[in-house]
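Each chain gets a letter, A, B and so on, in the order its sequence line appears, and its residues count up from 1.
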Number of protein chains: 2
Amino acid sequence: MKRITIKDLAGLLNLSASTISRALSDHPDISDKTKQRVKEVAKSMHYIPNFTAKNLRTRQSGLIALILPELPMFFTQSLITAANEVVHNNGYNLVMLQTNNTFEKEKEIIEYCYTMGVDGVMLSLTEKSDNLNHLQILKRAQIPVVLLDRILVNNDFPYITIDGVKTAFTAIDHLIKKGHRNIVGFFGNLSLDMTRKRIAGFKKALKNNGIPYNPQQIICFDTPEEMDAAFPQIVKLMPETTAFFTMSDTLMVNAYHLIKKYKYQIPEDFALISISNGKAPNFLYPNVSHVLHSGYDVGQKACEVLLELINGHSKPDLKQVITTELVVAESV
Amino acid sequence: MKRITIKDLAGLLNLSASTISRALSDHPDISDKTKQRVKEVAKSMHYIPNFTAKNLRTRQSGLIALILPELPMFFTQSLITAANEVVHNNGYNLVMLQTNNTFEKEKEIIEYCYTMGVDGVMLSLTEKSDNLNHLQILKRAQIPVVLLDRILVNNDFPYITIDGVKTAFTAIDHLIKKGHRNIVGFFGNLSLDMTRKRIAGFKKALKNNGIPYNPQQIICFDTPEEMDAAFPQIVKLMPETTAFFTMSDTLMVNAYHLIKKYKYQIPEDFALISISNGKAPNFLYPNVSHVLHSGYDVGQKACEVLLELINGHSKPDLKQVITTELVVAESV
DNA sequence: AACGTAACCGCAATCGTTTGCGGTGGAAAA
DNA sequence: TTTTCCACCGCAAACGATTGCGGTTACGTT
């Protein structure tokens, strides 16, 4: 079952291998009718290029890495789908790596990418990643890196993310418009740029609506367990609370669980709104209102930027922001 | 930033490239002290082998495909984690593909694997895949295929799956032991071997406990919407029902949603048990009892079998069954 | 002293493509 | 008729590793 090679085609057509190669890639040195003939025969013989050989010659690996903190339930699914599509359409393969949300593993994986010689990296940081020094090895090797979703604002690497301020603002503003004035917000790790942006949006919405801001309204958790432990205190200390906001699906699901556990009703006792990828809200009952954060768009944009960087055709916008959209359900 | 090559090492050590190559791979022709020297210098110079060149020479691609119907919320996460680990530890890369649960896309992706020249394929079938003819192209090309999770029993390809009969039996038996005698089971597409096995387990548990079986107790759905539509009828037609069983996380989450939607309580009005990967049950309140189906084990085993097949060292067991475990929570 | 035999290592081909450069032919220009 | 100049194509050397085969040593055997 040996595959047809360029040499085989050359033999069949009485041409040289170089001509075949050039014809197949539309090199201007080759006449149109020769290109025609070559392509026809290539197709009829089911010629499939040997990517390994091509990669060897062109000093590439054909691999693009997508590094995520985890392969969690919600957000990443559509992101991966999008990345897969774009990557494959451009003749690359996507290898997915997960850091398990530890900085150590993230460093390890970056090393791995280096040794594997991937052609580009898309990276969503862990909550513990407070610097980008570990990426220098890639920068020195001229391997392009694009940060996405969980990013750190910086000047070395491009990043794709959503407008955190606006997204959180939209959610909180919706709550307020629905009459809620005592809102508690659940956020993730404060070291993440994303978290800070969303907190800013939270505050901005309050301010815009003339509602005084109380620092106790904003609570950050590193783990779900912290939230489990804190929840009873929160409802006790702030009994006037009528609504919860969560900045992610993971937090939302956990908050939902806790609200139910303590026998509260949604939306009667507490309203609930979240920033979400749109899957989890529909699993729960009642469906949860959310600001839709499309993983698909993020994945797609990140790939496109990365491919531009790899192929060096043009300089893409290095800092891009994906928009979001309010989805009203029954939880508010 | 050119990387160190074998030739560079050869130059440094006054040896030939072939000797370096052999020394690094512990070829018996090379003396121990030479191996020692070579390895030391290789390490100190941070030599990294060029996988592309190696793959070209050895006619491999270094790629292993993992094809899943979707990247759904629940089951696949740990499966992917496991596959990633094993694959990387053996010097391969994992490329993940998703069929979106359509047979057409599955065929397409198989073709893609063929043209990419992957070294092996792990495949979980779609619900619509009722034959394996599309895999013949891989078989002819001698590319090993391992089926996992959603399989079709056959003689051409090895498969790794869980003991569906026993797993469903365990769940139902637990319900019965807890006093439930009128149980309705929600299942997926009947064409899947998995579904039939689990139905068999369902029936077996009833029989073993001397409970008469009523065909209406078993209901198969191709889509969540079908279940949404059927649910009200079910509770009306079988008012004596006290418990629901679902054969997957997806069905379970949907059933949970419906039970809540129609204002029933869990476990007071209906008990709920499922076969699950263990994530979703803990998101919900109350936590859902389930029979734990470890995606990790399946992924790991499948990889190991595939690697055996690729490297041809030994003949692995071609038909393996992963065990499961009952996890009791508050929903029963 | 001559020979056989391991143990150890190098030569050179090979995997399938890409690509710089040089060569050919024929038509247009002189 | 000779020169010039494209348009088109081939030669051969890469890319970095693996591997069959053959060649050296150094040693023990007779």
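- With sequence neighbours excluded, no residue satisfies ring-ring contact (aromatic ring centres under 6.0 Å, His included) with B:His27.
- Going from atom CD1 of B:Ile20 over to atom P of C:dA12 covers 18 Å, rounded to whole Å.
- Here the P atom of nucleotide C:dA12 and the CD1 atom of B:Ile6 are 18 Å apart, to the nearest Å.
- When the C1' atom of D:dA17 is taken as reference, atom CG of A:Asn55 falls 15 Å away, rounded to whole Å.
- Residue-to-nucleotide proximity on DNA chain D shows that, of B:Leu56 and B:Asp29, the 5′-proximal contact is made by B:Leu56.
- For the pair B:Arg3 and A:Tyr114, the cation-pi criterion (under 6.0 Å, within 45° of the ring axis) is fulfilled.
- The CE-P distance, from B:Met116 to C:dG16, rounds to 16 Å in whole Å.
- The base of C:dC11 sits within donor-acceptor range of the side chain of B:Ser18, with an N or O pair under 3.5 Å.
- A straight line from CZ of B:Arg3 to C1' of D:dA17 spans 14 Å, rounded to a whole angstrom.
- Comment: A:Lys35 does not engage A:Asp29 in a salt bridge, judged by the lack of any side-chain N to carboxylate O separation of less than 4.0 angstrom.
- Scanning atom types as modelled, no donor and acceptor separated by under 3.5 angstrom connect the side chain of A:Thr34 and the base of D:dC9.
- At whole-Å resolution of the value, CG in A:Leu15 and P in C:dT24 are 18 Å apart.
- When atom types are taken as modelled, the side chain of A:Asn100 and the backbone of A:Thr102 share no donor-acceptor pair closer than 3.5 angstrom.
- Positionally, the nearest nucleotide of DNA chain D for B:Pro49 lies more toward the 5' end than for the other of B:Arg22 and B:Pro49.
- OP1 or OP2 of D:dT18 has at least one side-chain nitrogen or oxygen of B:Ser21 nearer than 4.0 Å.
- At whole-Å resolution of the value, CZ in B:Arg37 and P in C:dC9 are 8 Å apart.
- Residues B:Thr58 and B:Pro28 each lie close to DNA chain C; by heavy-atom proximity, the contact nearer the 5' end of the strand is made by B:Pro28.
- At a threshold of 4.0 angstrom between heavy atoms, the contacts of B:Asn14 are confined to the sugar-phosphate backbone, with no base atom among them.
- For A:Arg57 against C:dG20, no side-chain N or O and base N or O form a donor-acceptor pair under 3.5 Å.
- A sub-4.0 Å separation between OP1 or OP2 of C:dG16 and a side-chain N or O of A:Tyr47 is absent.
- Checking the phosphate oxygens (OP1, OP2) of D:dG16, a side-chain nitrogen or oxygen of A:Arg59 falls inside 4.0 Å.
- Using a 4.0 Å cut-off, some side-chain N or O of B:Ser16 falls inside it from OP1 or OP2 of C:dG10.
- For the pair B:Ser31 and A:Ile48, both in contact range of DNA chain C, the more 5′-proximal nearest nucleotide belongs to B:Ser31.
- Using a cutoff of 4.0 Å between basic side-chain nitrogens and carboxylate oxygens, B:Asp32 and B:Arg37 are not scored as salt-bridged.
- Taking atom NZ of B:Lys33 as the reference point, atom P of D:dA26 lies 11 Å away to the nearest angstrom.
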